Structure formats: structure tokens, C-alpha cells
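Bear in mind the structure is a predicted one, so any value in this text is a computation, not a measurement. A note on names: the letters A, B, ... follow the listed sequences, proteins ahead of strands, and every chain is numbered from 1.
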Amino acid sequence: MQHFLDGLSILAQWQNFLIIPLGLAIGIVVGAIPGLTSDLGLILCIPLTYGMEPTMAILMLLAIYAGGTYGGSITAILINTPGTSANAATLFDGYPMTQKGQAFKALQMALFASTIGGLISALSLLFLAPPIARITLLFGPAEYFALAVFGLSVIAGVSNDSIFKGLIGACIGLFMASIGQDSISGASRFIFGQRKLMAGVDLIIALIGLFAISEIMMKSQYNPKTDHKTISASAITRDKITRSEYKRCWKPIGIGSLIGVIIGATPGTGGGLAAFIAYNQVKQSSKHPETFGKGEIEGVAASESANNGACGSTMIPMLTLGVPGDGSTAILMGAFMLHGMVPGPSLFAQQGNILYAIMLGLIVVNIFMYILGSGFTRFYAHITRVPYEVLAPIVLTFCIAGAYSTNNRIYDIYIILIFGIVAYFLRRMDFQLVPILLGIVLGPLAERKNFRRAMVISQGDLSIFVTRPISCAFIVIAVLSVVIFAVRNARSRRKAQENLK
Amino acid sequence: MRSLVYALFLVAYCLIIQPLGFLVSTVLLVVEILLFYGARRWYYYAIPIGMVGVVYYIFRILLHVSLP
């Protein structure tokens, strides 16, 4: 309770109420532009937060995250291209509504559903995270290491078509995290004679390279003449949602938010999956499933409430266990660490006041999102007109400046460009970036902080990981999940081959 | 194939940033990319080049980082 009140007073500083709308505006625009995802917005803005207080910095990033998840629906509705992957399910009914001339209505419903989903998610974070943190306070280094292994293997399995590619990705991430001087023994690892690599690769540098630069390179196939879709501002008429429409959307929004919260809290999932599940659930339980896919407002409500419903709850495993559920939360976790907060149960005990400020702030973020969104709905058509060829060099400029400002050295610019080129070719070979990212984020936590400490406690005896019950359970689940994913992969591949014959 | 050209731009950038500095080399990179996409209109060039200057001064004045 003390933390709660302290958090409230930290949140009440006026600067926070300036930074939240700013973050939301950035998030909505970045989310709405196809080719710029909210992950990218987060990465590019982290260098801007270096000078800020932790609460302010994290609130700004959360605003970008929430705004981006909502903003992606704008282009999904207007030009049939989701701004971020979380909004893919909004296409089904959003774009048909635009074709029927109901673009304004669809945008309004997307905003309304996003806000409600986001609020429910923020509340679930506020009420569920502290009790879970109290349980995880019992964990020691061995349990943490096992948990990190569990998180890596599950996410490697979920995010790729092939579990082996996922595991290879996770290992690439772990490798990148191990570059530099080892803090316990002082040995230099993988520095290839380059003294500048002694300090290791900064998390933010790796992120800019892996995500931002490779994303720009992915778009090298883009052809401005054929791929650029726009919509004129006159397509957004002012047809308000009627009261009866609001009334029948309550059920889809409720189902969507709930599914969003549950899926979001499961590691290895994320808003996109939540939206698809919610959409199907609402469609099946509807009395008129035949109208879905033809411009049904309930479809927009379901998918948008679900992806924003996942926004807050993905932070539950991240904050309490230190296991991020998807790409965005892994980036947020990196931001927490940059600001001196290492997610995990001890964070609630040590910096509970800041955490409460952040969790309460997420509620404020969602309220501001509604205000800001409803003011700007009319101007959204202009966002679709921004040409990508102009954006690409601007994003690149930000990447370079952000990388340089991290340590004030040119060497980091080389690292992002080289990481970017490598990551691009990995992506062309169907490697997902999320396992790599997770390897980088969890690597130091798993190895330096916990594996080594557990080894010290057990005096070098590896059996500590299997003799402690909780640790053993996590490792068993990790091994089982790898086996299950591998079997499922093999089965689906066999099925695909049979279909070919 | 197009992506290799892109990769070449980035490697070239690595080589020129040390001698030429942030402003000149980034403007060159921006122009390369715009030509690569075949941008025609003059303001397509003006906006990103202007942004290079804006970013330079944001980092210099607000964040006290002087880019090379």
C-alpha cells in the first residue's frame, strides 16, 4: 500500500503528463505507417530517453507501445495493410467497412475497443503482478537459470515454423550476449582481437542493428510505383457509431479483452495471436457469423480489444519473472535494464514505488490514447500518403545518431550496420528475430547473474539445477516443449509432403 | 539482388563516416537511397536531408552529444 501511494505521487509529476501524449503521438504515427512497427519506434526512441528519469522514460516507451498497437489498425482499416503484425486480424472486417463507406465508424470502434482492452489489461497488470512477484521472491539463482532456459525454448518453439531454426536463433542471441570481457573471471570472449569489443555489445546497439537496419533492408524490394497504396481524406466521412452498435459491441470487446489478457500473459505469444483467437471466438459465438468478414463492426471490436488487451498483460511475466513474452516486451525489458531496473521479483521489493507509478501510468496512457485518438481520427488518411522512400533515409539517420549517442563512438555505427546486414540475411533464410532478441536479453541474466551464482552456491556441481524442485520442473517443461514442438513440426512437414503427392 | 546494392551502401557508409563526418556522409547515404528508389520530386530529397540536420542539432543541443 505504501508503494502504491508513493507510485501515485511519482506519477503525478507534470512532466509525465507531457511525455505520455508525446509518446502516444509517436506510437500512433509509427504504428500506422506500414513498414514502421511499434518495435522500431521503441528502439529508435530509447536513445532519446537516456537523460530522463526512469519513470518518465518507461512511460514514454509504454505510450509508444500502446499507441503503436492501436495505430496499426488505422492502415489495416483504410488501405488493407496492417501497420504492425498485431493488427492483421483487423483487416477481415476493417477494410470491408471502408469499402462500404464506414471508415470513420471503423476507426472510432478500433479506438474505443483498443482503449477498453488496454484499460482492462492495465488493471490486470496492476492487480496480478504484485502477488505473483511475492511467489517468485522464493526463487534462487538455480530457479532463475531454469526459468530463462524455459523461456528461451518455449519462445524458440512458438515463434518459428521450425523449432531448430528457433533454437539456432536463440543460440545466436546468446552468442552475441557473451561477446566481451567476462565479469567474473575477467577472460575476454569472442572479441577477435578487437579491443573495442572488450566492453561487449550494448543491448540497444544490437537492437538497432537487428531490428531497425534489417527492417529497412527488407524493404529494399519495395517499388514505390506499384506498392504504395493511398486513400483520399474524403473517404473518412463522419458517420458516428449508433448507440445500438455500441451496445452489441460490448460482448465482443469483453471477450476480446479477456482473451487478450490471458494470451498476453503467456510467454511466446503476443497481440497478433490474441487478436486472431478473439476474432474467431467472437465469430463462432455470434448469432450472425455470416456477416463477419463483410464489414462487421463486431469483428473490428474483437480484434482491436484483444491486441491492446495483450499490451499490459505481456508485462506480467516480464516484470515478475524477467521472462519477456514477445519482441516488444523484450525491448521494454532492455529499456528497464538501461534505466537501472532489472525485471524480476526483487524489483518489486526494491523499486516498488517506480513500478506502481509505471503500472498506474499505463491506465493514464490508455485514457490519453482515447482523447488523442478521437481528436486526430479525421487526419489519419494523410498518414497513408507518406512515401516510404522518404521514410527509409530518415529512419536510418535516427538509427545512426541513436547508435552513436549510446557510447559516443563510431565503432557502434559499424556494429549496427554489420549486425543489420547479417540479420537481414538470417531473415531471408526464414529465421525469426524474436528468439535472437530473447537470447540477447536473457543471455546475461541467465549466464552471468544466475548460472554462475548457482555454480558458486553448489561449488561447481551441475546437479543443483535438477535437485531443486522448481528448477527441475522448469527444465523438464523446457525439454518437453522442445520435444513436442519437434514432433509437431515433423508431423506437419510429413502432412505437407503427402498433400504435394 | 537489390538488397546487395543496399548492403553495399551501408558498407560504403562505414568507410566514409570517419573521414567525412556525420553530416556529409549521412546526406550522401540519404541521396543514395532516394536515387535507389527512383524518387523524382524535389521535396522528397529536401525532407530527409533537412531531417539529417534536425537530428544533428537535436542530439547536439538537447542531448549534448556531438555527432562526429
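Counting heavy atoms from C-beta on, the side chains of Leu396(A) and Tyr13(B) never come closer than 4.5 Å. At a threshold of 4.5 Å between non-hydrogen side-chain atoms, the residues Tyr388(A) and Tyr37(B) count as touching. A heavy-atom distance below 4.5 Å is found between the side chains of Gln18(B) and Tyr414(A). Using a 4.5 Å cut-off on side-chain heavy atoms (C-beta onward), Leu29(B) and Ile400(A) make contact. By the 4.5 Å heavy-atom criterion applied to side chains, Tyr43(B) and Val390(A) are not counted as neighbours. Side-chain contact between Tyr424(A) and Leu10(B) is absent, with no heavy atoms from C-beta onward closer than 4.5 Å. Counting heavy atoms from C-beta on, the side chains of Val11(B) and Leu417(A) never come closer than 4.5 Å. Counting only heavy atoms from C-beta outward, the side chains of Val55(B) and Ile394(A) never approach each other to under 4.5 Å.
Neither the backbone nor the side chain of Leu35(B) comes within contact range of chain A; no heavy atom of the residue lies under 4.5 Å from a heavy atom of that chain. Of the two parts of Phe36(B), only the side chain, counted from C-beta on, holds a non-hydrogen atom closer than 4.5 Å to a non-hydrogen atom of chain A.
A distance of 9.5 Å separates OG in Ser3(B) from CE in Met218(A), rounded to the nearest 0.5 Å. Of the inter-residue distances, the one linking Ile410(A) atom CD1 with Cys14(B) atom SG reads 10.5 Å to the nearest 0.5 angstrom. Annotation: the span from Ile33(B) atom CD1 to Leu391(A) atom CG amounts to 11.5 Å, rounded to 0.5 Å.
Across all their heavy atoms, Ala392(A) and Tyr6(B) have their closest contact at CB-OH, 4.1 Å. Residue Gly402(A) comes nearest to Phe59(B) through the heavy atom pair N-CZ, 4.0 Å, listed as atom of the first residue, atom of the second, then distance.
Ranked by non-hydrogen atom pairs under 4.5 Å with chain B, the options Lys219(A), Arg409(A), Arg428(A) are led by Lys219(A). Ranking Ile216(A), Ile418(A), Ile213(A) against chain B, the residue ahead of the rest is Ile216(A), based on heavy-atom pairs under 4.5 Å.
Residue Tyr44(B) qualifies as enclosed at atom OH: its count of foreign heavy atoms under 6.0 Å is above 12. Annotation: Glu32(B), atom CD; neighbour count of heavy atoms from other residues, nucleotides and ligands within 6.0 Å is above 12.
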Might you work through the side chain to side chain contact (heavy atoms under 4.5 Å, CB included) test for Tyr56(B) and Thr397(A), ending with a clear yes or no? CA-CA 9 Å; Tyr56(B) 185 77; Thr397(A) 310; over 6 Å; no
